[in-house]
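The structure appears right after this line, and notes come after that.
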There are 2 protein chains.
Amino acid sequence: MEISFTDIKQKFQGCGLKTTPQRAAIYDALLRSTTHPTAEELYAEVAPQFPMMSLNTVYYTLGVLRTSGLIHEVNIDHTRARFDANLSPHHHLICLGCQSIVDVIDPRLNRLTSPAGIPNDFEITSYQVAFRGLCGSCRRHTGRSINHSSPGLHPTTVKGGLHGKSS
Amino acid sequence: MEISFTDIKQKFQGCGLKTTPQRAAIYDALLRSTTHPTAEELYAEVAPQFPMMSLNTVYYTLGVLRTSGLIHEVNIDHTRARFDANLSPHHHLICLGCQSIVDVIDPRLNRLTSPAGIPNDFEITSYQVAFRGLCGSCRRHTGRSINHSSPGLHPTTVKGGLHGKSS
DNA sequence: TGCTAAATAGTAATTATTCCTAAACAGGAA
DNA sequence: TTCCTGTTTAGGAATAATTACTATTTAGCA
C-alpha cells in the first residue's frame with residue numbers, strides 16, 4: 001500500500017489531527033506493514049528515523065489513530081495489542097505456533113447471514129472471522145502438534161476445506 | 001450447564017489432573033458462568049468458599065485447564081484474558097460499550113467454506129466469528145454512538161440482518 | 001509572526017500475569 | 001490403611017505491557 005506524506009497529511013486533517021513527523025512515520029509504517037505489529041515493533045521500526053522518540057509517543061499515537069478510526073486494534077492474545085491500518089473488511093488467519101497473523105480476503109466471508117438467537121436490540125456493526133491453526137513452517141517444526149496453551153482454539157477440525165452446505 | 005463433583009473429578013482424571021477442592025470450584029464456576037469471566041472475576045466468585053485461596057491459584061488452575069483443553073481463552077481486548085468452559089463450537093457477540101460477551105450459537109456459522117487465498121500448507125483447526133456492536137442497553141445510554149477506542153471494529157455496517165447470498 | 005492547544009519525551013505508576021519457593025495435599029503403591 | 005512422591009497451593013516478588021503525569025516543544029491558525 002503506497003501512500004505519500006501529503007496523503008497522510010490529508011487523512012490526518014480530515015480527522016482533525018495535527019501532522020507531525022513522528023505521527024506520520026508511525027502511521028506510514030503501519031500502512032506498509034502486513035504483520036499487524038505491536039507498539040514495540042512499530043517503535044523499533046520508526047526509531048532509527050527519530051532517535052529521540054519515546055515509546056510513549058507510539059502508544060499515544062496509536063491511541064489517537066484508533067480513536068479517529070484510522071487504524072484498528074487486533075486482539076489475538078491478551079499479552080499485547082496489535083494494530084492494523086487496513087480498514088477494508090477482511091479476516092485473519094492466526095498461527096497458533098508462531099502467533100503470526102495473515103490477512104484473509106474473501107468476499108464470501110463478508111456476506112454472513114445474521115446469527116440466530118441474539119438479542120434483537122443488539123446492533124451489529126461489524127464482524128470478523130479468526131481462523132486458527134498451524135502454518136506450514138510450524139507444522140514442520142512441531143510435527144503438527146497443536147499448542148493448546150494458545151487462546152481460542154476450538155476442537156472443531158476444519159481441515160483443508162470447510163464444507164459449505166447451507167444448514 | 002449442570003455438573004456434579006463426580007463428573008468434574010472424572011474429567012480431571014481423564015486429563016491426568018489431580019482433583020482439589022479449589023480446582024473443582026474454579027472449573028465449576030467457569031462452567032456455570034455465561035459471561036466469559038476474567039481470572040480476577042473467577043477469584044471473586046470462588047474466594048468466599050476458600051478464604052485462604054490465592055489469585056495465583058486461579059491463574060495456575062486456568063493455565064492447567066487450558067493446557068488440558070478443558071477450557072478456552074477468549075481474547076476480546078488486550079487488557080486481560082477471559083475464559084470459556086463451553087467447548088462446543090460457538091461464536092461471540094461483543095458489545096463495544098460494556099465489553100460484554102454473549103455466546104452465539106448458530107449452526108450455519110459452523111459451516112463456513114474454506115477462505116480463498118490462504119497458504120495451502122496452512123492447516124486450519126478452528127475458526128470463530130466475533131460479532132461486534134452495541135447491546136440495547138448501551139445503545140440507549142450512549143445514543144447509538146460507537147466507541148471507536150474499542151478493538152477490532154470494522155467499518156462494514158451489518159445492520160439488523162446480514163445478507164446471505166453465496167457469491 | 002505570535003498564540004494556543006495538541007503532541008512529544010521522559011519518568012513514574014498501574015495492571016495483569018508470571019516466576020519462585022516452601023508447605024500442604026491427592027492419589028497411587030506398599 | 002499408611003506412606004511416598006510429585007503435584008498443587010499460597011504467598012511474595014518479579015516482569016511486561018500499558019497508562020498517567022508533566023514540562024517542553026511544536027503544528028496550525030489568526
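In what follows, every chain begins at residue 1, and chains take the letters A, B, ... in the order their sequences are listed. This structure is a prediction, so every number in the text was calculated from the model and none was measured.
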query = Should the pair B/R32-B/D28 be classified as a salt bridge under the 4.0 Å nitrogen-to-oxygen rule?
reply = yes
Under 3.5 Å side-chain donor-acceptor pair for A/D103 and A/H91 = no
Next on the checklist: Has A/Y127 got a side-chain atom pairing as donor or acceptor with B/L93's backbone, closer than 3.5 angstrom?
Outcome noted: no
Between A/E73 and A/R82 (salt bridge meaning N to carboxylate O under 4.0 Å), is one present in this structure? no
Here the gap from B/L65 atom CG to B/I26 atom CD1, rounded to the nearest 0.5 Å, amounts to 7.5 Å
| message | Counting only side-chain nitrogens and oxygens, does B/T20 get under 4.0 Å of the OP1 or OP2 atom of D/dT9? | response | yes
| message | Taking B/T38's backbone N and O only, do any of them form a donor-acceptor pair with B/E41's side chain (distance below 3.5 Å, no angle check)? | response | yes
Taken to the nearest whole Å, NE2/A/H78 to C1'/D/dA16 is 12 Å
So, with a heavy-atom separation below 4.0 Å from DNA chain C, the residues of residues 37-65 of chain A are A/M52, A/M53, A/S54, A/N56, A/T57, A/Y60, A/T61
DNA chain D nearest-nucleotide lookup for B/L17 and A/L17: closer to the 5′ end is B/L17
Assign each of B/T79 and B/K18 the nucleotide of DNA chain C bearing its closest heavy atom; nearer the 5' end lies the nucleotide of B/T79
Outer limits of DNA chain C sitting under 4.0 Å from a non-hydrogen atom of chain B, read 5' to 3', are C/dA16 to C/dG27
Taken to the nearest whole Å, CG/B/D77 to C1'/D/dA17 is 13 Å
Please check if any side-chain donor atom of B/D77 sits under 3.5 Å from a side-chain acceptor atom of A/H78, or the reverse. no
Taken to the nearest whole Å, CZ/A/R80 to P/D/dT15 is 19 Å
Query raised in the report: Hey, does the side chain of A/Q13 come within less than 4.0 Å of D/dA27's phosphate (OP1/OP2), counting only N and O?
Result: no
Contacts of A/F12 meeting ring-ring contact (aromatic ring centres under 6.0 Å, His included) (sequence neighbours excluded), chain-then-number -> A/Y27
The answer to which of B/F83 and B/K9 contacts DNA chain C further toward the 5' end, by nearest nucleotide, is B/F83
Rounded to the nearest 0.5 angstrom, the OG-CG distance for B/S126 and B/N110 is 11.0 Å
